[in-house]
Amino acid sequence: MSWVHCERFESEMSGQTVPADFSGHMLDLDEDDDLEVFSKNTSLADGSPMPNSPSSMVNQYRLEEEEQQQDADAQDIFITVDNPESHVTAIETFVMYRVATKTTRGEFDSSEYEVRRRYQDFLWLRSKLEENHPTLIVHPLPEKFVMKGMVERFNHDFIDTRRKALHRFLNKISVHPILSNSQHFKVFLTAQELLSHKKQGPGFLSRMGETVRAVANSVRGLRSRPEEFTVMQDYVEDFSTKICSVDKVTQRIIKEQREYFDELKLYSPTYAQWAESEEELAAPLNGVASCVERCSKESEEQIQHLSEVLVPALHEYVLCTETLKAVMRRRDNIQAEFEAKNEALASRRAHQEALQDEVDGLADRVALSNNALKGDWSRWQNGMRSDLKSAFLATAEKNVDYYEQCLAVWESFLLSQRVEPGEQRDGEGAS
């Protein structure tokens with residue numbers, strides 16, 4: 001996957017910046033550092049007791065999430081992306097997905113629709129939404145090409161990962177108060193074919209003119225960006241650095257855990273083979289082999305969870321930062337164009353009336369853009385925090401389960417090897 005390259009990992013827990021060596025490992029800790037191991041009955045350092053069950057903490061958060069989801073009851077569009085099918089033509093190979101929609105909205109002619117769409121159709125929808133709402137935050141799509149999947153771009157795992165991302169993209173739009181009412185969104189969900197709709201819209205020269213003006217405004221720059229948007233800009237830059245760092249490190253942790261899992265799969269059979277040649281040690285050796293095998297299964301499940309839950313959530317918001325930066329640039333370009341026309345109005349009196357109309361129109365556009373972005377900014381932050389919190393909680397829950405299962409495995413082994421005092425005396429008497 002074309003991951004964003006990040007240079008540092010910031011640890012907010014300590015308030016310090018911890019440099020990361022991305023060639024292999026995080027900054028190595030001293031091997032002699034003491035590790036404090038707490039049993040389930042150990043109290044915290046401040047005297048407060050540890051929770052009896054770590055899972056109960058997760059359940060408390062789950063209740064909070066359920067309360068936050070009550071607003072979802074008002075949702076009136078429900079979309080599912082599923083049933084991917086590969087299509088092979090003389091020119092290309094591509095995958096089409098079924099997009100099934102159920103809605104109670106009056107502007108739809110029916111309550112249920114089913115269409116088939118390919119990735120390029122999703123790109124068309126997103127470009128139309130950005131074109132018509134340049135300062136609203138349109139949720140990102142998964143990348144067109146994924147580096148590690150270039151050769152196997154049509155295998156099951158890649159297709160299913162993309163399907164989930166496309167499903168999430170449409171459902172993010174469906175709950176947006178403005179984007180969900182877009183005519184292009186309605187066409188995407190209901191039209192059996194999109195070719196005629198794709199041909200509509202501004203031509204190439206018109207789009208080129210917009211691009212040239214945007215570049216010119218970008219070069220010209222702003223005289224004075226409002227403070228609240230400067231704060232947003234700084235937040236996005238800081239958030240981008242942190243989220244791509246966490247994403248990068250998480251990828252490496254999963255890679256190292258996969259290597260550990262591969263070693264565990266070799267580890268267990270070695271003990272079992274050893275037990276065949278050591279009759280006196282056969283019981284403990286077979287016990288260790290069994291424990292390692294069971295722990296390896298738990299490790300495999302943990303790796304799968306991280307790959308399917310945490311990594312997609314993190315990388316989704318890595319892509320979101322690029323979307324946010326583009327939205328900020330478009331807002332700045334609108335303001336820059338307004339400032340340029342305003343200056344021209346002040347310097348050229350001959351065409352003052354025509355310029356005045358343009359300036360007034362741009363002033364209204366700046367105000368609308370500012371209001372749109374401010375409203376969407378709060379909505380995006382709430383959604384981002386909810387999504388990432390959910391991913392972190394699910395990962396914490398899986399980690400608790402993983403370590404509890406491994407602890408139980410090894411505790412059962414220790415109990416099985418415990419020698420009762422009577423048995424020990426019998427052994428000594430026999431000797």
Side-chain angles (χ1 to χ4, degrees), residues 72 74-145 153-154 158-208 210-211 316 319-320 323 326-327 330 372 376 379-380 383:
Q75 187 174 346
D76 53 9
I77 298 182
F78 301 88
I79 305 170
T80 303
V81 179
D82 59 13
N83 193 22
E85 292 180 355
S86 297
H87 291 256
V88 180
T89 67
I91 302 175
E92 60 180 341
T93 299
F94 57 92
V95 178
M96 296 198 76
Y97 303 85
R98 180 177 67 177
V99 178
T101 304
K102 294 183 179 181
T103 180
T104 57
R105 288 194 177 184
E107 62 265 29
F108 285 81
D109 297 330
S110 176
S111 60
E112 295 187 18
Y113 294 90
E114 184 177 306
V115 296
R116 298 202 70 85
R117 298 287 183 253
R118 56 184 296 186
Y119 180 78
Q120 289 184 356
D121 299 330
F122 287 85
L123 285 177
W124 170 82
L125 172 62
R126 190 173 190 278
S127 68
K128 284 298 181 182
L129 292 176
E130 285 192 333
E131 179 183 314
N132 287 276
H133 306 280
T135 54
L136 291 181
I137 302 170
V138 183
H139 200 72
L141 285 167
E143 296 100 330
K144 186 172 184 178
F145 298 111
R153 191 156 61 94
F154 298 103
F158 174 83
I159 291 174
D160 192 56
T161 298
R162 171 166 283 185
R163 179 197 64 77
K164 291 177 182 177
L166 297 177
H167 173 89
R168 187 162 172 76
F169 166 74
L170 290 182
N171 279 275
K172 283 285 188 180
I173 296 174
S174 72
V175 297
H176 194 285
I178 298 175
L179 298 178
S180 65
N181 290 289
S182 164
Q183 183 62 26
H184 293 101
F185 183 51
K186 179 181 177 183
V187 166
F188 180 90
L189 297 178
T190 61
Q192 289 300 315
E193 60 85 23
L194 290 179
L195 186 60
S196 60
H197 299 281
K198 288 182 177 181
K199 291 179 179 179
Q200 300 174 3
F204 173 77
L205 292 178
S206 176
R207 294 196 302 272
M208 181 63 71
E210 289 288 339
T211 303
E316 177 180 307
L319 298 178
C320 273
T323 297
V327 170
R330 289 195 290 268
D376 233 23
R379 186 180 301 106
W380 177 85

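Computed from a predicted model, the values in this text were never measured in an experiment.
Going from atom CZ of F185 over to atom CG of N132 covers 14.5 Å, rounded to the nearest 0.5 Å. Atom OG1 of T135 is separated from atom CZ of R330 by 8.0 Å, given to the nearest 0.5 angstrom. Expressed to the nearest 0.5 Å, how far CG of L170 lies from NZ of K172 amounts to 13.0 Å. To the nearest 0.5 Å, atom OG1 of residue T161 and atom CG of residue L166 are 11.0 Å apart. Atoms CG and NZ, from L123 and K128 in turn, are 13.5 Å apart once rounded to the nearest 0.5 Å.
Salt bridge annotation for D121-R116: absent, with no cationic side-chain nitrogen under 4.0 angstrom from a carboxylate oxygen. Using a cutoff of 4.0 Å between basic side-chain nitrogens and carboxylate oxygens, E316 and R168 are scored as salt-bridged.
A heavy-atom distance below 4.5 Å is found between the side chains of C320 and H139. Side-chain contact between T80 and K102 is absent, with no heavy atoms from C-beta onward closer than 4.5 Å. Considering only heavy atoms from C-beta on, T101 stays 4.5 Å or farther from T190 through its side chain.
Without hydrogens or angle criteria, R162 side chain to E143 main chain gives a donor-acceptor distance under 3.5 Å. No donor-acceptor pair under 3.5 Å is formed between the side chain of E130 and the backbone N or O of I137. Side chain of D376 to main chain of A372: no donor-acceptor pair is present (N/O by atom type, distance under 3.5 Å, no hydrogens or angles). The backbone N or O of V138 lies less than 3.5 Å from a partner atom in the side chain of R126, making a donor-acceptor pair. No donor-acceptor pair under 3.5 Å is formed between the side chain of R98 and the backbone N or O of D82. Side chain of S111 to main chain of T104: no donor-acceptor pair is present (N/O by atom type, distance under 3.5 Å, no hydrogens or angles). Under the 3.5 Å distance criterion, the side-chain polar atoms of H133 are left unmatched by any main-chain donor or acceptor of L136.
Between L189 and Y113, the shortest heavy-atom distance links the atoms O-CB, 3.6 Å. Smallest separation of non-hydrogen atoms from I79 and S174: CD1-CB, 3.9 Å. The two residues I159 and S86 come nearest to each other via the heavy atoms CD1-OG, 4.3 Å. What you find for N171 and Q75 is that their closest heavy atoms are OD1-NE2, 4.3 Å. Taking all atoms of both residues into account, the shortest heavy-atom contact from K186 to F108 is CG-CE2, 3.7 Å. The minimum heavy-atom distance linking S180 with I173 is given by the pair CB-O, 3.2 Å.
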_L125 and F169: CA distance, side-chain angles, deciding distance, side chain to side chain contact (heavy atoms under 4.5 Å, CB included) verdict_ = CA-CA 11 Å; L125 172 62; F169 166 74; 4.0 Å; yes

*asked:* The test is side chain to side chain contact (heavy atoms under 4.5 Å, CB included); show your working for V95 and Y119 and say whether it passes.
replied: CA-CA 7 Å; V95 178; Y119 180 78; over 6 Å; no

*Can L194 and W124 be said to form a side chain to side chain contact (heavy atoms under 4.5 Å, CB included), step by step?*
CA-CA 10 Å; L194 290 179; W124 170 82; 4.3 Å; yes

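For R163 and Y97, the positive end is not near the middle of the six-membered ring at less than 6.0 Å and at most 45° from its axis. For the pair R117 and F122, the cation does not sit on the ring face, since its NZ or CZ is not both under 6.0 Å from the ring centre and inside 45° of the axis.
Partners of H184 by side chain to side chain donor-acceptor pair (under 3.5 Å), not counting sequence neighbours: none found. Residues satisfying the salt bridge (Lys or Arg N to Asp or Glu O under 4.0 Å) test with K164, not counting sequence neighbours, are D160.
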